[in-house]
Amino acid sequence: MKTVSLTLAGALMMVPAAQAQDNIFGLHIGAFEQTSDTFDLDGILNGADVDLEAELDYSVGFVVGASYDRVVYTTPAVAFLVGGEFTFRTSEFDEFDLEGEVLGDEVSIDNISISEENAHSLAFMANFTASRALDKPIRPYLTAGIGYITPTNDDLDGGGAYQIKGGVDYAVMPTTRVGIEVGYLDAFDEFEIDDDEVIGFDRVDTEIGYAGVSMLFTVKLVR
C-alpha cells in the first residue's frame, strides 16, 4: 500500500512539471515591406465613367506584436502548437503612378507626389505551428495562420487574411528563447474605401490591395 501511495504521489507531482513547458508567450518586432501596390477606382463622375489604376510606392515600415501558443501534441522530436497573435504593421506611401480613363480621356501619369498617406493595420490571427521539440536548444518551426486584418484608417474596411511564416529560435535560458522569423501576410480581398470618403462621385468603388513580407526578431517565454 505504501508503494502504491508513493507511486501515485510521484505521478501527481509529475503533472505540473509535464505541463510547465506547454505555453509560449512571445513578442516580435521588425521590418515590413508592402508587396501589393494596387489601387483601383471605378465610378461615375458627372455622368461619365472613371476607371483608374495606380501603383503605390511604399516605404519600408515596421511590425510589432505579441503571441501566445500552446503545445497540443508532442513527440520526442516534434511539437504541434495552436495559438493566436495580434500584430500592428505600418505602411506609408508618398507617390504613385496612375493610368486609366477619366471623362472619356486616357490618362497616364508617373511619380505623382502627395503628402504621406498610410495603410497601417492590425491583424488578429489564429496560428497552427509545427516545430522541433521545445526541449531542444535550437528550434526551427513553420506556422500557418488565418484571421482578420483591419486598417487603422477610419475610411477603409477590413477583411479576412492568411499568413505563412517560418523561423528558428535558440534557448538562451531554460525558459527564454530568442530568434528570427520571416513571414508573409495577404488579405483575401482588397481593402474597400467607404463611398462617403470619395467626394464628388455619383457612384464609386475604390479598392487597395494589401500584402507584405515581415522580417522579425522574436523573444519567447516558455512556461
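In this text, all values refer to a predicted model and were calculated from it rather than measured experimentally. All heavy atoms count here, side chains included; hydrogens, waters and symmetry mates do not.
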Task: Side chain proximity check, Leu122 to Ile149, heavy atoms < 4.5 angstrom - done: no
Task: Considering all heavy atoms, the nearest Ser131-Tyr141 contact - done: CB-CB, 3.4 Å
TODO: Kindly indicate whether the side chain of Arg132, heavy atoms from C-beta on, has any atom under 4.5 Å from the side chain of Ile138.
DONE: yes
Open item on the list: Using every non-hydrogen atom in the two residues, find where Ala31 and Val60 come nearest and quote the distance to one decimal.
Closed with: CB-CG1, 4.1 Å
- [ ] Could you tell me whether Lys165 and Glu85 have a side-chain N and a carboxylate O separated by less than 4.0 Å?
- [x] yes
Open item on the list: Is there a side-chain contact between Leu81 and Tyr73 in this structure, where contact means two heavy atoms from C-beta onward sitting under 4.5 Å apart?
Closed with: no
TODO: Working to the nearest 0.5 Å, report the span between OH of Tyr210 and CG of Asp189.
DONE: 15.5 Å
- [ ] Might you work through the side chain to side chain contact (heavy atoms under 4.5 Å, CB included) test for Ile180 and Val168, ending with a clear yes or no?
- [x] CA-CA 6 Å; Ile180 56 174; Val168 60; 4.1 Å; yes
- [ ] Evaluate the criterion side chain to side chain contact (heavy atoms under 4.5 Å, CB included) for residue pair Lys220 and Asp169; output intermediate values, then yes/no.
- [x] CA-CA 9 Å; Lys220 297 172 183 174; Asp169 57 33; 3.6 Å; yes
- [ ] Please report the shortest heavy-atom distance between Ala66 and Leu27, naming the atom on each side.
- [x] CB-CD2, 3.8 Å
TODO: Over all heavy atoms of both residues, which pair between Gly158 and Pro151 is shortest? Give the atoms and the distance, please.
DONE: CA-CD, 3.7 Å
Task: Heavy-atom closest pair, residues Ala133 and Pro76 - done: CB-O, 3.6 Å
Open item on the list: Does either side chain, that of Ser121 or that of Arg89, offer a donor lying less than 3.5 Å from an acceptor on the other one?
Closed with: no
Open item on the list: Do Val63 and Phe88 have side chains that approach each other closer than 4.5 Å (heavy atoms only, starting at C-beta)?
Closed with: no
Task: Residue pair Ile164, Asp186: steps toward the side chain to side chain contact (heavy atoms under 4.5 Å, CB included) verdict - done: CA-CA 9 Å; Ile164 299 173; Asp186 195 349; over 6 Å; no
- [ ] Without swapping roles, check the side chain of Thr90 against the backbone of Phe62 for a donor-acceptor pair under 3.5 Å.
- [x] yes
Task: Minimal non-hydrogen separation, Asn127 against Gly145, with atom names - done: OD1-CA, 3.4 Å
Task: Side-chain (Arg177) to main-chain (Val219) donor-acceptor, under 3.5 angstrom - done: no
Open item on the list: Ring-plane angle category for Tyr68 and Phe25, please: parallel below 30°, perpendicular beyond 60°, tilted otherwise.
Closed with: tilted
Open item on the list: Go through it in stages, so that I can follow the logic: the residues are Phe217 and Val178, the test is side chain to side chain contact (heavy atoms under 4.5 Å, CB included), and I'd like the CA-CA distance, side-chain angles, deciding distance and then a yes or no.
Closed with: CA-CA 8 Å; Phe217 171 76; Val178 298; 4.3 Å; yes
Task: Ser67-His28 side chain donor-acceptor pair, cut-off 3.5 Å - done: no
Task: Within the 6.0 Å centroid threshold, strictly below: Tyr162 and Phe188 - done: yes
Open item on the list: Using the rule that Ile, Leu, Val, Met, Phe, Trp and Tyr join whenever any side-chain heavy atoms are under 4.5 Å apart, tell me whether Ile29 and Phe32 fall into a single cluster.
Closed with: no
TODO: Check for a donor-acceptor pair, side chain of Thr75 on one end and backbone N or O of Ala77 on the other, with a separation under 3.5 Å.
DONE: yes
